[in-house]
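Please read the structure below before turning to the comments.
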Amino acid sequence: MKGKFPLKQFQEIDTPFYYYDTDLLRETLRSINRETAKYEGFVVHYAIKANANPKVLNIIAQNGLGADCVSGGEIKAALAAGFSPRKIVYAGVGKADWEIRLGLEKGILCFNVESLAELEIINQLAGSLGKTAPVAFRINPDVGAHTHANITTGLAENKFGIAMRDMESVIETAAQMEHVEFFGLHFHIGSQILDMGDFAALCNRINDLQKLLDRKKICVKDINVGGGLGVDYTHPNRIPIPDFKSYFDTYARLLKLRPGQRLHFELGRAVVAQCGSLITRTLYVKQGAAKQFVIVDAGMTDLIRPALYQAYHKIENISSDKETSTYDVVGPICESSDVFGKSVDLNATSRGDLIAIRSAGAYGEIMASQYNCRRLPVGYITEDL
């Protein structure tokens with residue numbers, strides 16, 4: 001079954017472009033809010049890095065989510081889209097001084113701190129502005145995730161977070177600082193995780209760390225478990241909304257929160273991946289020595305995930321109902337890695353046919369580049385057409 005697209009309107013738009021199905025986006029957001037409403041103190045922040053299209057951000061903000069930012073630019077984008085600064089959390093291993101000042105001046109909810117060196121700078125900058133910075137410490141829990149190596153973040157070998165062995169000393173150091181306030185603990189083990197056992201392992205690790213802090217009589221206000229919930233790239237039509245029920249239920253059952261503690265989540269891909277498609281036009285159908293190629297006008301500059309992560313995206317010819325044939329779907333970029341899919345079964349394809357590369361709402365438009373001096377793709381939402 002193919003996805004539903006306004007094909008007539010698509011014919012009038014220059015390709016390649018991104019299309020966001022806002023009916024599906026809103027349905028996804030309703031599912032998130034419905035599931036989190038079952039549990040007291042569950043707070044969801046949308047990870048801006050997944051997709052920062054202003055119209056998409058505005059819809060997410062209107063549905064009550066907070067924002068998870070990893071740069072000053074993302075803080076600005078979140079504020080412009082209508083997110084409350086009191087719902088913004090700010091992470092990242094390399095926060096520049098101007099970015100820290102921006103967060104302080106706007107009064108964001110929390111800085112997720114990743115090193116003692118960063119903590120010292122935040123304390124200095126907050127002091128220079130006469131403010132107190134709320135800080136959570138990102139702890140590297142040394143928990144692996146069943147996902148691609150490039151998007152695993154919770155192992156001891158990764159650059160992210162503070163080592164578990166240093167947790168107590170960093171918290172104690174913060175207590176001696178005049179311009180920071182200890183807010184809580186932050187974790188994130190990776191992305192595109194479909195095995196709930198990975199999240200269960202994180203819960204167990206957090207439970208152990210909380211017991212250790214209890215013995216030291218160190219009070220933790222809030223816990224932030226990051227995000228990581230994956231989507232079904234193989235069946236975007238059959239499973240358009242991730243399994244939020246199992247995801248939130250895993251934490252509700254296994255994480256032993258203390259009285260009054262809130263639990264924060266930072267979901268990105270799970271919110272926007274399935275609502276977005278990259279729409280591209282067929283330039284040529286080329287018969288090679290051993291295979292056929294569909295050469296489209298989109299390339300790795302528009303969607304880099306297949307080249308960078310060897311990621312799978314379902315590909316559909318939305319112009320054709322003919323019998324299927326097998327093709328390699330490739331772009332025009334002068335790189336051998338500019339391939340969207342090999343041995344893809346498509347309805348027989350001709351020059352001019354529109355091709356939809358599905359589940360591209362996360363890490364698609366936001367990661368586009370102008371390599372080969374190409375223009376950046378435009379993003380359209382349902383209401384634009």
Side-chain angles (χ1 to χ4, degrees), residues 41-50 65-71 74-75 78 86-95 99-100 103 108-119 121-123 133-143 145 151-156 158-175 177 180-191 193 198-199 201-210 212-213 218-229 247-248 251 255-258 260-268:
F42 279 31
V43 182
V44 178
H45 306 266
Y46 167 66
I48 303 285
K49 62 180 176 287
L65 271 63
D68 161 41
C69 299
V70 294
S71 74
E74 288 190 0
I75 293 175
R86 294 302 302 161
K87 289 185 176 182
I88 293 176
V89 294
Y90 177 25
V93 298
K95 302 178 182 73
E99 294 173 309
I100 295 170
I108 65 171
L109 177 66
C110 183
F111 293 85
N112 292 334
V113 175
E114 305 215 17
S115 68
L116 179 58
E118 179 192 331
L119 178 66
I121 295 301
I122 290 176
N123 184 57
V135 298
F137 295 113
R138 178 170 179 174
I139 306 301
N140 188 319
D142 199 19
V143 171
I151 51 178
T152 298
T153 61
L155 294 173
N158 298 135
K159 69 178 181 180
F160 300 99
I162 296 165
M164 286 184 293
R165 67 175 184 274
D166 298 327
M167 178 182 67
E168 293 175 65
S169 63
V170 172
I171 293 173
E172 290 167 357
T173 299
M177 292 181 172
V180 298
E181 177 186 0
F182 176 48
F183 182 86
L185 298 178
H186 176 230
F187 305 85
H188 181 63
I189 59 174
S191 187
I193 300 169
D198 292 337
F199 300 121
L202 176 59
C203 289
N204 293 334
R205 183 56 51 83
I206 295 172
N207 289 339
D208 290 341
L209 293 176
Q210 288 238 78
L212 187 150
L213 293 175
I218 295 175
C219 176
V220 180
K221 291 183 179 178
D222 284 25
I223 299 291
N224 185 329
V225 292
L229 178 63
Y247 175 70
F248 291 116
Y251 285 101
L255 191 60
K256 301 184 187 308
L257 294 175
R258 299 328 187 232
Q261 276 185 337
R262 292 190 303 174
L263 184 60
H264 298 258
F265 301 86
E266 297 168 343
L267 294 173

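Keep in mind the model is a prediction, meaning the values are calculated, not measured.
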Taking side-chain hydrogen bond (donor to acceptor under 3.5 Å, both in side chains) as the test, write out the residues that go with [X], two or more places apart.
X      : value
Glu181 : Lys221
Glu99  : Tyr90
Gln261 : Gln210

About how many Å separate [atom2] of [Y] and [atom1] of [X], when rounded to the nearest 0.5 Å?
X      : Y      : atom1 : atom2 : value
Leu255 : Arg205 : CG    : CZ    : 13.5 Å
Leu267 : Ser191 : CG    : OG    : 10.0 Å
Ser169 : Leu116 : OG    : CG    : 7.5 Å
Asn140 : Met164 : CG    : CE    : 7.5 Å
Ser115 : Arg138 : OG    : CZ    : 12.0 Å
Ile162 : Glu168 : CD1   : CD    : 13.0 Å

Would you name the heavy atoms of [X] and [Y] that are closest together and state the gap between them?
X      : Y      : value
Ala174 : Val180 : O-CG2, 3.6 Å
Cys69  : Ile88  : SG-CG2, 3.9 Å
Ala136 : Cys110 : N-SG, 3.4 Å
Leu202 : Pro141 : CD1-CG, 4.0 Å

[X]: salt bridge (Lys or Arg N to Asp or Glu O under 4.0 Å) partners, not counting sequence neighbours:
X      : value
Arg262 : Asp222
Lys49  : Asp68
Glu118 : Lys95

pair Leu213-Ile171: side-chain heavy atoms closer than 4.5 Å: yes
Do Glu266 and Asn112 have side-chain heavy atoms sitting under 4.5 Å apart?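 The answer is yes, as the side chains (C-beta and beyond) meet within the 4.5 Å cut-off.
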For Phe248 and Val44, what are the C-alpha separation, side-chain angles and deciding distance, and is it a side-chain contact (heavy atoms from CB on, under 4.5 Å)? CA-CA 11 Å; Phe248 291 116; Val44 178; 4.0 Å; yes
Is the ring centre of Phe137 less than 6.0 Å from the ring centre of Phe182? yes
Step through it carefully: locate the ring centre of Tyr251, locate the ring centre of Phe265, and say whether they are under 6.0 Å apart.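 Distance test on ring centres: under 6.0 Å, yes.
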For the side chain of [X] and the backbone of [Y], is there at least one donor-acceptor N/O pair under 3.5 Å apart?
X      : Y      : value
Glu114 : Gly92  : yes
His45  : Ala47  : no
Asn123 : Leu119 : no

Decide side-chain contact (heavy atoms from CB on, under 4.5 Å) for Phe199 and Val225; before the verdict, give the C-alpha distance in whole Å, the side-chain angles of both, and the deciding distance to 0.1 Å. CA-CA 9 Å; Phe199 300 121; Val225 292; over 6 Å; no
With respect to Ile139, which candidate in Val170, Asp166, Leu185 satisfies the side chain to side chain contact (heavy atoms under 4.5 Å, CB included) definition? Leu185
For the pair His186 and Val89, evaluate side-chain contact (heavy atoms from CB on, under 4.5 Å) and give the outcome as yes or no after the intermediate values. CA-CA 10 Å; His186 176 230; Val89 294; over 6 Å; no
Could you walk me through whether Val43 and Lys87 pass side-chain contact (heavy atoms from CB on, under 4.5 Å), step by step? CA-CA 9 Å; Val43 182; Lys87 289 185 176 182; over 6 Å; no
